[in-house]
Amino acid sequence: MEEHKIHTGKRFLLVTLLNIIITLFELVGGLLSGSLSLLSDAFHNFSDAFSIILSYIANRIGKRSPTVKNTYGFRRAEILTALLNSILLIVISAFLLIEAIKRFTHPEEVQGGVMFIVAVISFAANLLSTILMNHDSKHNLNIRATYLHLLSDALASIGVIISAVLIILFNIKWIDPLMTLLVSFYIIYESLPIVHKTFTILMEASPKLNFEDIKKDLLTIPEITGVHHLHAWLIDENEIILSVHVNMPDLPLSQTECVYLKIENILKQNYNVSHVTIQAECNRGRNTGLLLNEEKSFHSN
């Protein structure tokens with residue numbers, strides 16, 4: 001685990017340095033060539049460097065052990081960072097969309113040769129950064145948001161290369177803002193699901209679980225006669241937490257623990273629940289619905 005942290009930290013550092021260099025390189029190239037798509041790529045790379053730094057800090061914070069004040073740990077730090085990074089991408093893309101539309105009505109001269117050379121070098125660096133971050137992006141929403149930043153820049157660089165070739169061969173000036181539009185729309189399209197996912201987690205929305213199926217599975221345990229007040233939420237994109245009230249006969253604690261183990265095994269194996277809190281009751285809440293009804297719950301207390 002410690003070795004994995006070191007490798008992840010080295011990848012973050014290398015990718016950050018690459019993006020700072022690419023940003024400066026593209027900024028100069030964009031100003032010299034007059035290319036909006038190259039300047040937009042520079043802005044994206046600048047946001048990448050900021051995103052990577054935030055992601056690394058959040059990744060380190062998220063690995064801290066739980067404390068008395070934060071009993072579930074600090075993994076929400078990565079969710080917050082993923083949300084911030086995705087919103088930043090959308091804002092930058094929206095700004096570039098406006099600038100691209102302006103370029104359609106007032107086209108500017110673009111130096112295709114400078115644009116092509118800068119774009120090829122930038123693409124190679126962006127591709128390397130994307131490969132470096134791909135390893136951890138599949139199971140971590142925070143790193144995935146950073147990976148998406150890098151992937152979008154690699155795609156943007158391809159767009160700039162194509163634009164430069166068309167400008168050199170056919171002097172098509174409108175291809176530069178068109179490519180900016182396409183890349184910006186793509187980035188917004190890819191960022192919105194991350195915003196939705198992170199917002200869902202932060203709002204304590206339930207994960208994709210079939211509560212009725214959970215109830216049926218728990219009722220297969222002979223000692224359980226009722227299931228109610230079921231809650232489920234996500235700590236991060238992977239860890240599901242669940243609490244449930246179950247009706248049982250008046251059993252000794254030693255037998256109740258055996259029932260608890262059966263419940264935990266069903267929830268872990270069938271529904272990938274990481275942690276469950278169970279409240280056993282004889283008759284209380286037996287006629288209550290599966291989900292919490294605040295008014296009935298209040299009066300029953």
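Just so you know, these numbers come straight off a predicted model, no measurement behind them.
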Problem set entry | Neighbour count above 12 (heavy atom, 6.0 Å) for N210 CG | yes
Exercise. Is any side-chain heavy atom of I263 closer than 4.5 Å to a side-chain heavy atom of I224?
Worked result: yes
Problem set entry | Residues Q255, E257; criterion side-chain hydrogen bond (donor to acceptor under 3.5 Å, both in side chains); working and verdict | CA-CA 5 Å; Q255 294 182 35; E257 285 184 353; over 6 Å; no
Exercise. Closest approach of L18 and A125, non-hydrogen atoms and distance?
Worked result: CD1-O, 4.2 Å
Exercise. Taking atom OG1 of T130 and atom CZ of F123, what is their separation to the nearest 0.5 Å?
Worked result: 8.5 Å
Exercise. Does any N or O in the side chain of N70 come within less than 3.5 Å of the main-chain N or O of P66, such that one atom is a donor and the other an acceptor?
Worked result: no
For this session: Examine I22 and L39 and state if one hydrophobic cluster contains both, with Ile, Leu, Val, Met, Phe, Trp and Tyr joined whenever side-chain heavy atoms are less than 4.5 Å apart.
Result: no
For this session: Indicate yes or no: at least one non-hydrogen side-chain atom of Y260 is less than 4.5 angstrom from one of V276.
Result: no
Seminar exercise, completed: Correct closest heavy-atom pair for T198 and A82 would be CG2-CB, 3.8 Å
Problem set entry | Under 3.5 Å side-chain donor-acceptor pair for R286 and T225 | yes
Exercise. So, for M179 and S163, which heavy atoms are closest and what is the spacing to 0.1 Å?
Worked result: CB-OG, 3.3 Å
Exercise. In Å, rounded to the nearest 0.5 Å, how long is the span from CZ of F25 to CD1 of I121?
Worked result: 3.5 Å
Problem set entry | Under-4.0 Å salt bridge between E204 and R76 | yes
Exercise. Is the closest side-chain heavy-atom distance between D176 and M115 below 4.5 Å?
Worked result: yes
Exercise. Honestly curious: do L80 and V91 fall in one hydrophobic cluster under the side-chain, below-4.5 Å linking rule?
Worked result: yes
Exercise. Please walk me through it: do W233 and I235 pass side-chain contact (heavy atoms from CB on, under 4.5 Å)?
Worked result: CA-CA 7 Å; W233 63 98; I235 294 297; 4.1 Å; yes
Exercise. From L209 CG over to N270 CG, what is the distance, rounded to the nearest 0.5 angstrom?
Worked result: 11.0 Å
Exercise. In a check of side-chain contact (heavy atoms from CB on, under 4.5 Å) between V273 and each of I241, I214, L242, which one passes?
Worked result: L242
For this session: Spell out, yes or no, whether I158 and F116 are grouped together once hydrophobic residues are joined by side-chain heavy atoms under 4.5 Å, including indirect joins.
Result: yes
Exercise. Once you round to the nearest 0.5 Å, how far does OG of S122 lie from CD1 of I21?
Worked result: 11.5 Å
For this session: Verify the neighbour count for atom CZ of F104: are there more than 12 heavy atoms of other residues, nucleotides or ligands below 6.0 Å?
Result: yes
For this session: Looking only at non-hydrogen atoms, find the nearest pair between H229 and H231 and report the distance.
Result: O-CD2, 3.5 Å
Problem set entry | Interatomic spacing from OG in S191 to CD1 in I90 - rounded to 0.5 Å | 5.0 Å
Seminar exercise, completed: On a heavy-atom basis, the closest approach of A164 and G112 is CB-O, 3.6 Å
Problem set entry | Steps toward side-chain contact (heavy atoms from CB on, under 4.5 Å) verdict (I92, L88) | CA-CA 6 Å; I92 291 174; L88 179 63; 4.0 Å; yes
Problem set entry | Polar contact flag, side-chain donor to acceptor under 3.5 angstrom, N126-S157 | yes
Exercise. Do you know the tightest heavy-atom contact between A232 and F211?
Worked result: CB-CZ, 3.9 Å
Problem set entry | salt_bridge(R75, E78) N-O dist < 4.0 Å | no
For this session: Give, for atom CD1 of I221 and atom SG of C258, the distance between the pair rounded to the nearest 0.5 Å.
Result: 11.5 Å
Problem set entry | Transitive ILVMFWY side-chain link Y189 to F185, under 4.5 Å | no
Exercise. Side chains of M248 and T256: closer than 4.5 Å at any heavy-atom pair?
Worked result: yes
For this session: Report the residue from L251, N247, V246 that forms a side-chain contact (heavy atoms from CB on, under 4.5 Å) with E223.
Result: L251
Exercise. Do Y271 and D217 meet the criterion of a side-chain donor-acceptor pair at a distance under 3.5 Å?
Worked result: yes
Exercise. Does a sphere of radius 6.0 Å around NZ in K215 hold more than 12 heavy atoms from other residues, nucleotides or ligands, not counting ones at 6.0 Å or beyond?
Worked result: yes
Exercise. Out of curiosity, does V160 fall in the hydrophobic cluster containing L24 (side-chain heavy atoms, cut-off under 4.5 Å, transitive links)?
Worked result: no
